[in-house]
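Just so you know, these numbers use all the heavy atoms, side chains as well, and skip hydrogens, waters and symmetry mates.
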Amino acid sequence: MYKTGILNSEISKVLSDLGHTDRIVIADCGLPIPKGVRKIDLALSFGVPSFESVYELVLEHMAVQKMIFAEEIKSDNPELFKKVNQSDVEKEYISHEKFKEMTRNTVAIIRTGEATPFANVILESDVLF
(Lines give C-alpha, C1' and ligand atoms only; values in the text may rest on other atoms or scores of the structure.)
Protein backbone atom coordinates (compact mmCIF):
# COMPACT_ATOMS: atom_id res chain seq x y z
CA MET A 1 0.00 0.00 0.00
CA TYR A 2 1.11 3.54 -0.84
CA LYS A 3 2.55 4.90 2.43
CA THR A 4 3.06 8.61 1.76
CA GLY A 5 1.91 11.23 -0.64
CA ILE A 6 -1.47 11.74 -2.22
CA LEU A 7 -4.07 9.13 -1.33
CA ASN A 8 -6.29 9.84 -4.32
CA SER A 9 -5.16 7.22 -6.83
CA GLU A 10 -6.25 9.20 -9.90
CA ILE A 11 -4.25 12.30 -8.89
CA SER A 12 -1.25 10.18 -7.94
CA LYS A 13 -1.34 8.43 -11.33
CA VAL A 14 -1.68 11.71 -13.26
CA LEU A 15 1.27 13.26 -11.42
CA SER A 16 3.39 10.15 -11.96
CA ASP A 17 2.72 10.22 -15.70
CA LEU A 18 3.49 13.92 -16.29
CA GLY A 19 6.31 14.87 -18.61
CA HIS A 20 8.11 18.18 -18.92
CA THR A 21 5.67 21.00 -19.87
CA ASP A 22 2.55 18.82 -19.45
CA ARG A 23 -0.21 20.78 -17.72
CA ILE A 24 -2.90 20.04 -15.17
CA VAL A 25 -5.60 22.28 -13.71
CA ILE A 26 -6.82 22.73 -10.17
CA ALA A 27 -10.28 24.24 -10.48
CA ASP A 28 -13.15 25.64 -8.47
CA CYS A 29 -16.50 23.89 -8.75
CA GLY A 30 -17.74 26.24 -11.48
CA LEU A 31 -15.03 25.94 -14.13
CA PRO A 32 -16.37 24.22 -17.26
CA ILE A 33 -14.60 20.96 -18.09
CA PRO A 34 -13.90 20.61 -21.83
CA LYS A 35 -14.97 17.41 -23.55
CA GLY A 36 -12.13 14.94 -23.75
CA VAL A 37 -10.16 16.29 -20.78
CA ARG A 38 -9.91 13.95 -17.82
CA LYS A 39 -11.90 15.22 -14.82
CA ILE A 40 -10.92 14.20 -11.31
CA ASP A 41 -13.89 15.34 -9.26
CA LEU A 42 -13.13 15.88 -5.58
CA ALA A 43 -16.05 18.27 -4.91
CA LEU A 44 -18.20 17.17 -1.96
CA SER A 45 -20.00 20.39 -1.08
CA PHE A 46 -19.39 24.12 -1.48
CA GLY A 47 -15.91 24.75 -0.09
CA VAL A 48 -14.99 21.09 0.44
CA PRO A 49 -12.29 20.44 -0.42
CA SER A 50 -10.99 23.96 -0.78
CA PHE A 51 -8.88 25.10 -3.71
CA GLU A 52 -6.12 26.05 -1.30
CA SER A 53 -5.88 22.62 0.37
CA VAL A 54 -5.66 20.79 -2.97
CA TYR A 55 -3.28 23.39 -4.44
CA GLU A 56 -0.87 23.11 -1.50
CA LEU A 57 -0.89 19.31 -1.53
CA VAL A 58 -0.32 19.05 -5.28
CA LEU A 59 2.56 21.54 -5.07
CA GLU A 60 4.22 19.32 -2.45
CA HIS A 61 4.24 16.43 -4.93
CA MET A 62 4.66 18.07 -8.34
CA ALA A 63 7.64 19.83 -9.89
CA VAL A 64 6.08 23.04 -11.27
CA GLN A 65 7.89 25.46 -13.57
CA LYS A 66 4.97 27.80 -14.28
CA MET A 67 1.52 28.69 -12.95
CA ILE A 68 -1.17 30.29 -15.07
CA PHE A 69 -4.08 32.19 -13.51
CA ALA A 70 -6.95 34.28 -14.81
CA GLU A 71 -6.14 37.98 -14.53
CA GLU A 72 -9.47 38.46 -12.74
CA ILE A 73 -8.18 36.68 -9.61
CA LYS A 74 -6.31 39.89 -8.74
CA SER A 75 -9.47 42.00 -8.35
CA ASP A 76 -12.19 39.41 -7.72
CA ASN A 77 -10.39 37.12 -5.26
CA PRO A 78 -7.63 39.26 -3.68
CA GLU A 79 -7.23 37.02 -0.62
CA LEU A 80 -6.46 33.94 -2.73
CA PHE A 81 -4.32 36.05 -5.10
CA LYS A 82 -2.16 37.11 -2.15
CA LYS A 83 -1.69 33.48 -1.05
CA VAL A 84 -0.79 32.06 -4.46
CA ASN A 85 1.50 34.99 -5.18
CA GLN A 86 3.78 33.90 -2.30
CA SER A 87 5.22 31.08 -4.38
CA ASP A 88 8.52 31.67 -6.19
CA VAL A 89 7.29 29.77 -9.26
CA GLU A 90 6.91 31.83 -12.46
CA LYS A 91 3.36 33.12 -12.89
CA GLU A 92 1.38 34.25 -15.90
CA TYR A 93 -1.96 36.07 -15.80
CA ILE A 94 -4.34 35.86 -18.76
CA SER A 95 -8.01 36.60 -19.38
CA HIS A 96 -10.50 34.11 -17.96
CA GLU A 97 -11.72 33.37 -21.48
CA LYS A 98 -8.19 32.48 -22.63
CA PHE A 99 -7.73 30.45 -19.44
CA LYS A 100 -10.81 28.35 -20.28
CA GLU A 101 -9.48 27.83 -23.83
CA MET A 102 -6.12 26.65 -22.47
CA THR A 103 -7.79 24.01 -20.29
CA ARG A 104 -8.64 22.11 -23.49
CA ASN A 105 -4.97 21.15 -23.82
CA THR A 106 -4.37 19.86 -20.32
CA VAL A 107 -3.85 16.32 -19.07
CA ALA A 108 -6.46 16.57 -16.32
CA ILE A 109 -8.63 18.95 -14.36
CA ILE A 110 -8.92 18.41 -10.61
CA ARG A 111 -12.29 19.84 -9.58
CA THR A 112 -12.49 21.05 -5.98
CA GLY A 113 -15.50 22.25 -4.03
CA GLU A 114 -14.15 25.81 -4.00
CA ALA A 115 -16.91 28.37 -4.44
CA THR A 116 -14.99 31.64 -4.69
CA PRO A 117 -14.37 33.45 -7.99
CA PHE A 118 -11.44 32.60 -10.25
CA ALA A 119 -9.95 29.98 -7.90
CA ASN A 120 -8.30 28.12 -10.79
CA VAL A 121 -4.72 27.47 -11.83
CA ILE A 122 -2.96 25.71 -14.66
CA LEU A 123 0.24 24.07 -13.41
CA GLU A 124 2.99 23.37 -15.94
CA SER A 125 5.24 20.47 -15.09
CA ASP A 126 8.98 20.94 -14.66
CA VAL A 127 11.75 18.34 -14.67
CA LEU A 128 13.64 17.16 -11.62
CA PHE A 129 17.11 17.49 -13.15
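- Classification of Glu101 and Lys98 as a salt-bridged pair fails, no side-chain N sitting under 4.0 Å from a carboxylate O.
- You'll find the side chain of Asn120 stays beyond 4.5 Å of the side chain of Ile73, heavy atoms only.
- Counting heavy atoms from C-beta on, the side chains of Ile122 and Ile24 never come closer than 4.5 Å.
- With no hydrogens or angles considered, no side-chain donor-acceptor pair links Ser9 and Ser12 at under 3.5 Å.
- Side chains of Thr116 and Asn77: a donor-acceptor N/O pair is present below 3.5 angstrom, by distance only.
- For the atom pair Gln65 CD and Arg23 CZ, the distance stands at 8.5 Å (nearest 0.5 Å).
- When all heavy atoms are compared, the tightest approach of Glu114 to Phe51 is OE1-N, 2.8 Å.
- With Ile68 as reference, Glu92 is the one residue of Glu92, Lys91, Glu90 to meet the side-chain contact (heavy atoms from CB on, under 4.5 Å) rule.
- Under the 6.0 Å cut-off for aromatic ring centres, Phe81 and Tyr93 qualify, their centroids lying closer than that.
- The side-chain contact (heavy atoms from CB on, under 4.5 Å) test with Glu124 is passed by exactly one of Lys66, Met67, Met62: Lys66.
- Between Asp126 and His20 there is a side-chain heavy-atom pair separated by less than 4.5 Å.
- Looking at heavy atoms from C-beta onward, Ile109 lies out of side-chain contact with Ile40 at the 4.5 angstrom threshold.
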